[in-house]
Amino acid sequence: MSKRDFYEVLGVGKESTPDEIKKAYRKAARQYHPDVNKDDPGAADKFKEVTEAYEVLSDSDKRARYDRFGHQDPNGFGGGGADGFGGGGFGDIFDMFFGGGGGRQRNGPQRGQDLQFQMQIDFKEAAFGADKEVEIPRWEECDTCHGSGAKPGTNVSQCGTCHGSGQQEQVISTPLGRMVNRATCRTCGGSGKKIEQRCGTCHGEGKVRKRRKIKINIPAGVDSGNRIRVPGAGEMGQKGGPQGDLFIVFVVRDHDFFERDGEDVHCQVPLTFVQAALGDEIEVPTIDGKVKMKIPPGTQSGKVFRLRGHGIPYLNRNNMRGDQHVHVVVVTPTNLTDNQKELLRELASSMGEETHEQERSLFERLKSAFLGD
Ligand SMILES: [Zn+2]
Ligand SMILES: [Zn+2]
């Protein structure tokens, strides 16, 4: 039951910046992703743990509450209700006193449990959003008996033990005096009903396990660890209670060419040394398609060019986008013919001492490093 400290889970310090937390999460998520760790049953739990930690620490409000209350925060993650002070402390104390069972109003309407699933999406789906469908396994009311648990046409009568209330009262002596404990009726399990013949479809449960297709609207700009809520798509409620919610946690697949850093995109583009020396106009892939980019003469390997506005859209902020950073890599030619080698030697001798100032200072520093001063 005891939870590890969220900072410890992500391996970051208490003073870490949102950026450091994001980086730590991305690293951990990649490491423990269940798809990568098919043979390690512990990985899924680890993944859940880091995702939960990230959900809290990436949200400034939740993080501030966590810093104050730790895991005791009544409004913390997974407390049942989506927002507001749900679930709670009192029920737990009650259960402690009376040995459980009777604490939470078992006989009244109960909200269904929330469900949480992961969804893998492509790099571009995360960038631009998409409509997708997921198949969610969950409990639904049995169509045959409409939730009564009785075979259609057979008799359902009142439970003789609790007379239909679903609860039994017990008087208990405690150090604080005599108290009345209302516990769930053991005969009928709290339903208050006596079923003559069980429904053949659900075996008297009143509910059946189904796989339900649910439409998910992925917002543009989501990143790994982001979560969306689909209200009322979780588990069915009990005794007329509302359905729980469905939460989808996104895991964004890596792209072969683009690398994401927040809302910015990085990529590497090769240049021939002739293009780098003489300059050129090249086409660069972006998530919007090809974009023309000017390479000025004398471009050095490692130079980074910025394509403004070709990055990832900001989540929930229309018309704001990051940039694409193009890292150029000058490729040294290999497998030169004898003729080409000769031409390069000619080039080298023609350049002689007339090297560019920047290059000269580089070479001079190298020379002085050899001389040891
Ligand atoms: Zn049934
Ligand atoms: Zn009963």
Side-chain angles (χ1 to χ4, degrees), residues 79-82 86-117 133-216 229-248:
F90 288 117
D92 292 341
I93 292 166
F94 199 93
D95 285 353
M96 226 166 63
F97 256 94
F98 296 107
R104 292 159 217 232
Q105 309 158 336
R106 283 272 156 92
N107 206 34
Q110 270 186 306
R111 185 178 177 278
Q113 274 190 321
D114 291 338
L115 290 174
Q116 178 162 308
F117 288 91
E133 244 180 14
V134 280
E135 227 181 42
I136 301 295
R138 66 181 188 189
W139 291 100
E140 293 191 4
E141 192 180 271
C142 172
D143 288 332
T144 310
C145 63
H146 300 289
S148 75
K151 189 175 171 183
T154 63
N155 202 24
V156 180
S157 52
Q158 213 177 59
C159 169
T161 310
C162 63
H163 308 290
S165 75
Q167 292 192 331
Q168 282 174 296
E169 287 190 355
Q170 266 175 294
V171 179
I172 299 172
S173 295
T174 75
L176 303 173
R178 278 156 53 92
M179 293 181 95
V180 177
N181 180 26
R182 305 185 67 183
T184 304
C185 170
R186 290 206 191 123
T187 309
C188 64
S191 71
K193 291 174 196 149
K194 186 183 173 195
I195 291 167
E196 307 273 314
Q197 250 188 301
R198 289 179 180 190
C199 165
T201 308
C202 64
H203 309 289
E205 292 279 317
K207 57 185 183 180
V208 285
R209 199 90 174 129
K210 281 195 180 164
R211 297 185 74 85
R212 178 67 63 180
K213 283 192 175 140
I214 290 165
K215 284 202 170 74
I216 304 294
R229 182 167 73 109
V230 187
E235 291 289 15
M236 59 185 279
Q238 301 289 317
K239 301 189 171 70
Q243 270 189 288
D245 296 332
L246 170 66
F247 291 91
I248 300 288

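Residues: numbered from 1 along the sequence shown. One-based numbering, in listed order, for ligands and for the atoms of each. Heavy atoms only: backbone and side chains are in, while hydrogens, waters and symmetry mates are out.
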Student: Dump the intermediate steps for side-chain contact (heavy atoms from CB on, under 4.5 Å) on E133 and I214, then the final yes or no.
Tutor: CA-CA 5 Å; E133 244 180 14; I214 290 165; over 6 Å; no
Student: Do any of the N/O/S atoms of C199, backbone or side chain, fall under 2.8 Å from the Zn ion (ligand 1)?
Tutor: yes
Student: If you round to 10 degrees, what value do you get for the angle at the Zn ion (ligand 1) between C145 atom SG and C142 atom SG?
Tutor: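 The SG/SG angle about the Zn ion (ligand 1) sits at 110°.
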Student: Nearest 10° is fine: what angle sits at the Zn ion (ligand 2) between SG from C185 and SG from C159?
Tutor: 110°
Student: To the nearest 0.5 Å, what is the distance between CD on E141 and OG on S148?
Tutor: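 Between atom CD of E141 and atom OG of S148 there are 9.0 Å.
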Student: Counting backbone and side-chain atoms alike, is an N, O or S atom of C202 positioned under 2.8 Å from the Zn ion (ligand 1)?
Tutor: yes
Student: For a side-chain hydrogen bond (donor to acceptor under 3.5 Å, both in side chains) with E140, tell me which candidate from K207, R209, R212 qualifies.
Tutor: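 Looking at K207, R209, R212, the match for E140 under the side-chain hydrogen bond (donor to acceptor under 3.5 Å, both in side chains) is R212.
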Student: Is any side-chain heavy atom of H163 less than 4.5 Å from a side-chain heavy atom of Q158?
Tutor: yes
Student: Decide, counting backbone as well as side-chain atoms, whether H163 has an N, O or S atom less than 2.8 Å from the Zn ion (ligand 2).
Tutor: no
Student: Around K194, counting heavy atoms of other residues, nucleotides and ligands shown, do more than 12 lie under 6.0 Å from its NZ?
Tutor: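 Counting neighbours around NZ of K194, 12 or fewer heavy atoms of other residues, nucleotides or ligands fall under 6.0 Å, so no.
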